[in-house]
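Bear in mind that the values here come from a model prediction, so they are computed numbers and not experimental data.
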Amino acid sequence: MKYQVEFAATAAAQIPGLPELAFVAIVSALAGIRTNPWHGLPVYGAPPEYRMVTVSDTRGGEGLITYRVDQERALIHVFDITWLD
């Protein structure tokens, strides 16, 4: 089953201005999360549906996507994208 992805306003605001390779890496990671949302690591101290996954691009940039899995609605709610370049 593929989950739908929605972005919180804060996460959506973090996307503009990303380097192109970072954007590609994030989109690729989200494609994987859509098919296997539980692959991400649990967020420390949060309920188990809160997950995070690290992302890297081909030139060494790294980032973190934090999201919540809504299994009943087959929905991934991305609430934070952090990118270090």
Side-chain angles (χ1 to χ4, degrees):
M1 166 179 24
K2 285 192 176 183
Y3 287 64
Q4 295 297 314
V5 176
E6 71 177 17
F7 293 86
T10 53
Q14 294 163 328
I15 294 173
L18 283 174
E20 183 178 347
L21 291 175
F23 181 77
V24 169
I26 289 168
V27 169
S28 177
L30 289 172
I33 291 168
R34 285 187 66 204
T35 58
N36 187 7
W38 299 104
H39 174 74
L41 297 171
V43 174
Y44 180 77
E49 63 270 14
Y50 287 85
R51 317 296 282 185
M52 62 185 172
V53 65
T54 58
V55 181
S56 60
D57 67 19
T58 57
R59 50 182 193 82
E62 295 183 324
L64 180 70
I65 301 171
T66 311
Y67 60 97
R68 181 178 57 83
V69 179
D70 183 339
Q71 190 148 354
E72 289 180 19
R73 295 176 50 208
L75 183 68
I76 303 299
H77 181 78
V78 178
F79 59 89
D80 188 59
I81 298 172
T82 302
W83 192 260
L84 305 171
D85 206 15

Counting only pairs under 3.5 Å, give me each side-chain donor-acceptor contact of residues 14-24, with atom names and distances, residues two or more places apart or in other chains.
{"residue": "Gln14", "atom": "OE1", "partner": "Ile81", "partner atom": "N", "Å": "2.7"}
{"residue": "Gln14", "atom": "NE2", "partner": "Asp80", "partner atom": "OD1", "Å": "2.9"}
{"residue": "Gln14", "atom": "NE2", "partner": "Ile81", "partner atom": "O", "Å": "3.4"}

Only pairs under 3.5 Å count here: list side-chain donor-acceptor contacts from residues 39-54, not counting sequence neighbours, and write none if there are none.
{"residue": "Arg51", "atom": "NE", "partner": "Gly40", "partner atom": "O", "Å": "3.0"}
{"residue": "Arg51", "atom": "NH1", "partner": "Pro48", "partner atom": "O", "Å": "3.1"}
{"residue": "Arg51", "atom": "NH2", "partner": "Trp38", "partner atom": "O", "Å": "3.0"}
{"residue": "Arg51", "atom": "NH2", "partner": "Gly40", "partner atom": "O", "Å": "2.7"}

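In plain terms, the two heavy atoms of Ala25 and Trp83 that are nearest each other are CB-CH2, 4.4 Å.
Applying the side-chain hydrogen bond (donor to acceptor under 3.5 Å, both in side chains) test to Glu6 and every residue at least two apart in sequence or in another chain returns His77. Under the side-chain contact (heavy atoms from CB on, under 4.5 Å) criterion, Ala74 pairs with Met1, Tyr3, sequence neighbours left out.
Applying the salt bridge (charged side-chain N to carboxylate O under 4.0 Å, His left out) test to pairs two or more places apart or on separate chains, those with a residue in residues 60-72 are Asp70-Arg73. Among residue pairs with one or both ends in residues 24-37, none qualify as side chain to side chain donor-acceptor pair (under 3.5 Å); sequence neighbours excluded. Annotation: ring pair (Phe, Tyr, Trp, His ring centres under 6.0 Å) contacts involving residues 51-73, sequence neighbours excluded, are absent.
When each of Thr66, Ile65, Thr10, Ile26 is checked for a side-chain contact (heavy atoms from CB on, under 4.5 Å) with Val78, only Ile65 meets the rule. Each of Leu75, Ile76, Ile33 was evaluated against Val5; a single residue qualifies, Ile76, per the side-chain contact (heavy atoms from CB on, under 4.5 Å) test.
Using a 4.5 Å heavy-atom cutoff, the side chains of Leu30 and Val27 are not in contact.
If you chain together hydrophobic residues whose side chains sit under 4.5 Å apart, Val55 and Phe7 fall into the same group.
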